[in-house]
Each structure stands twice: as C-alpha cells, then as structure tokens.
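First up is the structure itself, then whatever we jot down about it.
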Amino acid sequence: MRPETGNSDSHEPERPSTKRMASPTSATAADMDARTIIEGTTAANDADTGFTLSDTIGKYEIRAQLGSGGMGAVYRAFDPMIEREVALKILSQDIANSEVALQRFLGEARAIGRLNHPHVVSIYDIGTWNGQYYLVMELLSGGSVADKLRQQSPLPWQDACRIISEAAKGLAAAHATGIIHRDIKPENLMLTRDGIVKVVDFGLSKLIDASQDSQQSITRVGQILGTPQYMSPEQFEATETDARTDVYSLGATLFRLLTGQYPFGQCSSVVQVMTAHLTKAPPAPTQSVIGLPPICDQIVARAMAKKPEDRYQSAAALAQELDALLHRPLPMAPPTPVPSEQTLRTLQNVVIIEPSKLQGTILKSAFSQAGVSTVQLCTGLEAARKTLTQAPTDLLLTAMQLPDGSGLEFIREFLHTDNSSQTTVVLNSSASTLAELTNAGESACLILAPKKVRPEEIIRITHAASPCAIHAGPPAQPLNPATLRLQIILDSGRIPESLADSIRDLQLLDVEVLTATDSHSTSNATADLILLVQSASSRSESPDAAALARQRHASQSLCALLDSTGKQLRLRAVHRNDVIAICNQPLDSHRLACLLQAARP
C-alpha cells in the first residue's frame with residue numbers, strides 16, 4: 001500500500017520566515033479528513049453525500065458543509081436537544097459498502113469515545129440514518145495548527161513547544177488506552193477558540209488490545225499509513241509500531257513549527273523523504289532559526305531518533321521535557337565580558353565645551369555618574385585648546401554657539417590634529433545638520449545631538465557607537481535576553497554568519513528577521529533594537545544613510561545601520577530619539593551587547 005501523500009504542500013519550496021504562507025489551492029482527500037471538525041473550512045459540494053442544508057440527520061439539523069474528503073463529508077449541525085452546534089461527520093455511501101473502510105470509521109469513533117481528555121477531540125454520538133453512518137463531535141472554531149502556520153511561519157518557539165506539549169498529553173491519554181494515532185501532523189492538531197490544542201482524526205489509529213482478534217485490526221503490520229514528511233522509520237519499513245511512533249511524528253511536527261520547514265524539506269520525492277527518515281539525522285532547528293534555545297535541538301533529535309529505544313519512551317516524557325523548557329527561569333546573561341583593546345575600551349576622559357554653567361554642570365554630572373573618571377568643563381575655545389593638548393581625550397562634546405567662536409569650526413580644527421583619530425566628537429546643537437558635521441572631518445565616531453535631548457541619550461549613543469564603552473550606570477548593566485527583542489532587516493541575502501554567531505553568544509531568544517520590503521508593512525514599535533543590514537551592492541556612500549534610516553523607522557527603538565562585505569560586518573550609524581552617530585566599528589558580540597544595552601528603556 002502506498003503512503004498517503006498528506007497535504008498538497010509536501011514539497012513546496014521553503015519560504016522566508018517572515019512571509020505569510022499561501023493557502024493551498026486544492027486539497028487531497030487526506031487533507032480534508034484532517035480538517036473534519038474545523039469551523040469555517042472551505043465548503044465543498046453538497047452533492048458529495050447527497051445532503052442539503054435543509055436536511056435533518058437524526059435529531060441533528062444541517063447548518064453548513066465544512067468540507068469533504070476520502071472518508072466522506074463534514075457538516076456544521078445543530079443539536080436541538082442540548083442547543084449546541086456540533087460537527088457531523090458522515091461516511092460516504094461508497095466507502096460504507098467496504099467492510100474495511102466501515103470498520104476503520106467505527107474504530108475511529110470508538111477510539112475517541114473511549115477518551116475524555118482536554119487535548120483530544122470529544123465525541124458525542126454515533127449512529128446511522130437511512131443506512132449511512134455518522135459521527136457527532138465537538139465543533140472547533142480555532143482552525144488547525146496548519147492554518148496557524150500559513151499565517152505565521154515559523155511560530156515563536158514558546159508557542160511551538162506549548163502546542164506539541166499539549167498534543168503529547170492528549171496522545172499519552174490515547175496510548176494509555178491502547179490507541180496509536182500514526183498520522184500526527186499540523187493538520188491533525190486543532191485549536192479551540194482559546195487556542196487549546198486538540199488531537200483529531202484517529203482514522204489511522206491502531207487499536208492495541210490483546211483480546212482483540214488480529215483479523216479485525218484495520219492497520220496491520222505490512223501496511224503503510226501516514227504522511228511521509230512526519231512518518232517514523234518503522235512506518236516506512238511497515239513493521240510493528242507503538243506509542244514511540246507518535247513520539248517521532250511529534251518531533252517532526254515540532255521541527256516544522258520551530259523552523260517553518262520540513263525536517264527533510266530538501267527532498268523532492270516520497271522515495272527521498274523515506275530514505276532521509278530511515279538514514280539521516282534530523283537537522284538542528286537552531287541552524288535555521290536564530291534565537292531558539294539550544295535545548296530545542298536536543299529535544300527534536302531525541303524525539304526523532306531512528307531507533308524507537310533511543311527516543312522518549314512515552315509522549316508524556318516528551319511533554320514533561322517541553323514543559324520544563326517553557327517554565328524554567330531564563331538565565332540572566334553574565335556581565336558583558338571585558339573586550340579587547342582592539343574593539344572597545346572604557347570611556348575615561350571627557351572634555352565638555354559649554355558656555356552655560358547650568359547646562360555644563362548637567363552634562364558633567366551625567367558623565368560622572370556613568371563612571372567617567374575625568375570630566376573637564378570649559379566655557380570657551382581657548383581653555384578647550386589647552387585642555388586637549390595636555391592628554392588624550394576619549395570624547396569631546398561642544399555646543400555650537402560659543403563666546404569665542406563656532407563649535408563646528410572648532411571640531412573641524414580638532415579633527416585635523418594628530419591626536420583626534422580615536423576621539424568621539426559630539427556636536428550638541430539643534431541648528432546643525434549631520435552633513436555639516438561629517439564634512440568637518442573624519443573621526444572614530446561623530447555624534448549629532450540636539451540641545452533639547454537629555455544627556456542620558458548622548459551617553460547611550462556613545463556606549464553603542466563609539467570605541468569606548470560606558471563603565472557605570474544603566475548602559476553598563478548586564479543583559480537579560482528574556483526581556484530584549486531584536487529585529488533584523490535585510491536588503492538582500494541571509495543574515496551574516498558573524499551576526500548569527502554574536503546572537504548565539506548573547507543567548508538572544510526573541511529575534512525577528514524581515515526583508516526590506518516586509519519592514520514597510522510591519523510595526524517596529526515593540527523592537528528594542530533594529531539592525532538594518534546593507535550589502536555592498538546597496539550601500540550608500542553618503543553618511544546621510546543614517547538620516548534616511550531614521551525617517552523610515554520613526555520609533556523609540558534604537559536603530560543601527562550595518563555594512564556587510566564578505567565576512568566583515570561593521571557598524572556605520574546609530575540613531576535614537578534624534579541623536580545620530582556616524583561610525584565605522586567592527587560588529588562583534590561585544591559591540592552587539594553595547595547596542596542592546598543602549599537600546600533598553
């Protein structure tokens with residue numbers, strides 16, 4: 001017997017994780033069987049079973065047809081005695097004439113009827129009407145997990161693990177009564193209106209009952225039933241199966257939910273899929289999606305072990321492992337390691353040129369609280385020149401209007417001296433433009449900060465973009481990966497490997513990847529840090545690229561512009577709350593940590 005092909009998208013190309021998956025234009029018989037009790041499924045032709053919407057089947061009033069498939073048709077019906085809507089599954093007359101098909105249908109009804117579990121669909125009634133068998137089940141209105149995948153793929157890892165945990169608990173109850181499902185897949189996991197998972201469609205179940213005559217078993221050894229993308233090796237080999245077969249399919253389904261891909265999605269035929277499930281270890285989900293907890297790799301690998309004895313020995317054990325992952329407290333990331341001198345050093349010396357004593361005192365106090373050991377305040381250019389010649393300066397901050405000259409002109413003068421190459425320069429002015437500042441000369445980091453901005457915002461951007469890190473205060477506090485959301489916007493290609501490595505080093509969990517096109521229709525209000533990655537082909541030669549980025553992402557998020565050339569990744573611009581920095585710093589885990597620290601509320 002040939003394996004059932006499952007849903008019609010079994011070999012569809014992989015889609016980027018940020019794009020919505022298109023609904024299939026057609027469905028196989030296996031598809032429709034899997035969608036038997038979903039409220040709102042696309043209606044099929046009423047002629048499939050001969051019933052019309054005005055008919056009554058037993059006491060049940062037909063309201064709408066929900067779908068049809070290889071086993072028959074499904075209707076939304078009304079039970080007037082209890083006054084509730086139900087799903088009515090009717091076995092088609094042609095199949096009812098087959099003793100094997102009829103026994104399979106009745107076996108499904110009896111199997112579900114023996115269970116009373118919150119994660120298994122409930123069966124209310126079974127009967128015949130005018131010679132046709134029907135099954136009455138609870139009507140589920142939340143759609144299937146497959147529908148959820150079409151709307152969002154991949155799912156957040158927390159949602160994926162919860163869904164599989166609840167399905168495993170329902171299957172554990174089925175296994176305890178001797179029922180093996182044998183066709184676990186997203187289409188057979190339904191959702192209530194509140195999002196609770198219900199396992200459905202036990203039509204492929206094998207009833208393990210020692211007292212049962214083996215001749216009555218519908219799915220005996222030697223028959224292959226299931227959906228290839230989620231089938232266990234023993235199903236392909238048509239050997240004896242047990243509860244661990246469903247554990248394997250749960251693992252394959254978990255991989256699909258975590259990554260949006262099939263475990264062996266590169267295979268182009270059922271034979272290749274079969275060979276892969278028989279011989280190849282499943283790929284690690286973290287290789288496809290950044291930000292997944294590493295333990296997800298271990299859970300999938302164990303659930304999908306080739307030998308049943310190497311898997312979780314019960315669905316309950318798998319559910320327990322997933323629940324432990326979902327409820328374990330996420331570890332606080334250790335304090336940011338002390339970086340090498342080639343990447344970051346501590347901000348120690350600051351010179352401030354500000355004619356207003358009040359404003360100067362506010363700025364000096366803010367930098368002192370940030371751990372800067374030496375902060376020197378000058379009211380004019382003459383005093384500033386003397387101060388800057390005495391010792392190297394990590395940061396120079398100047399106002400635009402000074403009693404003895406222009407702050408911008410002084411910056412131009414300073415940037416042409418020999419000791420300015422590693423100094424961060426801040427122009428504290430509301431009347432100047434980014435172009436005027438960058439035209440003054442080159443520096444390790446140039447920052448334009450309007451007068452109205454708080455000193456803390458200048459310190460944030462300094463910590464994020466300059467060669468020097470802040471030593472104390474909020475920006476220097478350790479990161480908690482559970483509270484941070486990172487969004488990456490790519491103009492083309494994939495995430496640079498060095499960036500992926502940095503994300504893994506910092507154990508970030510909430511990472512969203514978009515294309516530039518997707519970002520136009522996506523709100524960035526909830527992202528703490530937005531990274532715009534531009535390739536060499538789209539790079540702007542003008543530093544005004546940062547201003548353009550600011551216009552595109554007018555939010556409270558910190559936004560950073562990255563250049564990707566080969567294996568090199570460099571930070572070129574940072575902006576938040578009208579403070580803009582132009583820089584040219586290597587982007588590694590230390591720099592990414594600084595960006596995230598500066599991005600926190």
Side-chain angles (χ1 to χ4, degrees), residues 1-12 28-31 33-34 69-70 104 108 144-146 149 163-164 167-168 170-171 174-175 179-189 199-208 217-259 261-283 285 299-315 318:
M1 184 172 179
R2 295 177 58 188
E4 296 183 26
T5 57
N7 58 3
S8 58
D9 64 350
S10 293
H11 307 300
E12 67 177 347
T28 65
D31 280 334
D33 279 345
R104 179 176 169 188
E108 175 183 356
S144 71
V145 173
L149 270 175
I163 287 170
I164 298 302
L171 285 169
H175 296 161
I179 305 167
I180 310 297
H181 192 287
R182 290 169 52 105
D183 194 27
I184 292 298
K185 56 186 176 181
E187 290 79 3
N188 282 338
L189 304 180
V199 181
V200 303
D201 201 0
F202 286 81
L204 296 179
S205 300
K206 177 180 180 180
L207 305 182
I208 304 175
S217 179
I218 305 305
T219 54
R220 293 189 299 272
V221 175
Q223 293 181 323
I224 300 177
L225 293 175
T227 304
Q229 294 288 1
Y230 307 96
M231 284 170 59
S232 66
E234 57 268 29
Q235 284 179 286
F236 283 114
E237 292 175 331
T239 58
E240 188 68 45
T241 59
D242 58 25
R244 295 170 294 184
T245 290
D246 287 344
V247 170
Y248 185 96
S249 298
L250 284 170
T253 303
L254 176 60
F255 183 94
R256 177 78 188 280
L257 304 188
L258 289 171
T259 67
Q261 306 168 14
Y262 296 107
F264 304 107
Q266 73 280 6
C267 298
S268 59
S269 69
V270 173
V271 173
Q272 289 181 358
V273 171
M274 178 187 300
T275 302
H277 279 284
L278 288 170
T279 62
K280 294 183 179 179
I299 293 174
V300 169
R302 185 176 176 187
M304 294 185 66
K306 301 304 172 189
K307 297 180 180 179
E309 57 267 27
D310 293 333
R311 299 174 200 154
Y312 295 98
Q313 293 303 288
S314 67
L318 173 58

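No hydrogens, no waters, no symmetry mates; every other heavy atom, side chains included, goes into these values.
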Could you check if a side-chain atom of Gln261 sits within less than 4.5 angstrom of a side-chain atom of Pro283, using non-hydrogen atoms only?
no
All heavy atoms of Arg182 vs all of Gln235, minimum pair found to be O-NE2, 2.9 Å
How far does CD1 of Ile163 sit from CG of Leu257, to the nearest 0.5 angstrom?
5.5 Å
Distance from Lys185 atom NZ to Asp201 atom CG, nearest 0.5 Å?
7.5 Å
For residues Pro308 and Tyr248, determine if any side-chain heavy atom of one lies less than 4.5 Å from a side-chain heavy atom of the other.
no
A side-chain contact here means heavy atoms from C-beta on lying under 4.5 Å apart; do Tyr312 and Ile299 qualify?
yes
On a heavy-atom basis, the closest approach of Ala315 and Val247 is N-CG2, 3.8 Å
Between the CD atom in Gln266 and the CD atom in Gln272, the distance rounded to the nearest 0.5 Å is 8.5 Å
Nearest heavy-atom approach of Asp242 to Ile180 is C-CD1, 3.5 Å
State which residue, out of Thr253, Ile184, Leu250, Val273, fulfils the side chain to side chain contact (heavy atoms under 4.5 Å, CB included) condition with Tyr230.
Thr253
Leu278 to Lys306 - nearest heavy-atom pair and separation:
O-CD, 4.0 Å
Please check this pair: side chain of His277 against backbone of Glu234, looking for a donor-acceptor N/O pair closer than 3.5 Å.
no
Gap between atom CG of Leu171 and atom OG of Ser314 - 0.5 Å precision
11.0 Å
Can you give me the closest heavy-atom contact between Ala276 and Cys267, atom names plus distance?
CB-SG, 4.0 Å
In Å and rounded to the nearest 0.5 Å, what is the CZ to NZ distance from Arg244 to Lys307?
12.5 Å
Do side-chain atoms of His181 reach the backbone of His175 as a donor and acceptor pair under 3.5 angstrom?
no
Calculate, to the nearest 0.5 Å, the distance between atoms OG1 and CZ belonging to Thr245 and Arg311 respectively.
6.0 Å
Under the side chain to side chain contact (heavy atoms under 4.5 Å, CB included) test, residues paired with Pro285 that sit two or more places apart:
Phe255, Leu258, Thr259, Leu292, Asp297, Val300
Okay, side chain of Asn188, backbone of Asp183: is any donor-acceptor separation there less than 3.5 Å?
yes
Heavy atoms only: give me the nearest Lys280-Phe264 pair and the separation to one decimal.
O-CZ, 3.4 Å
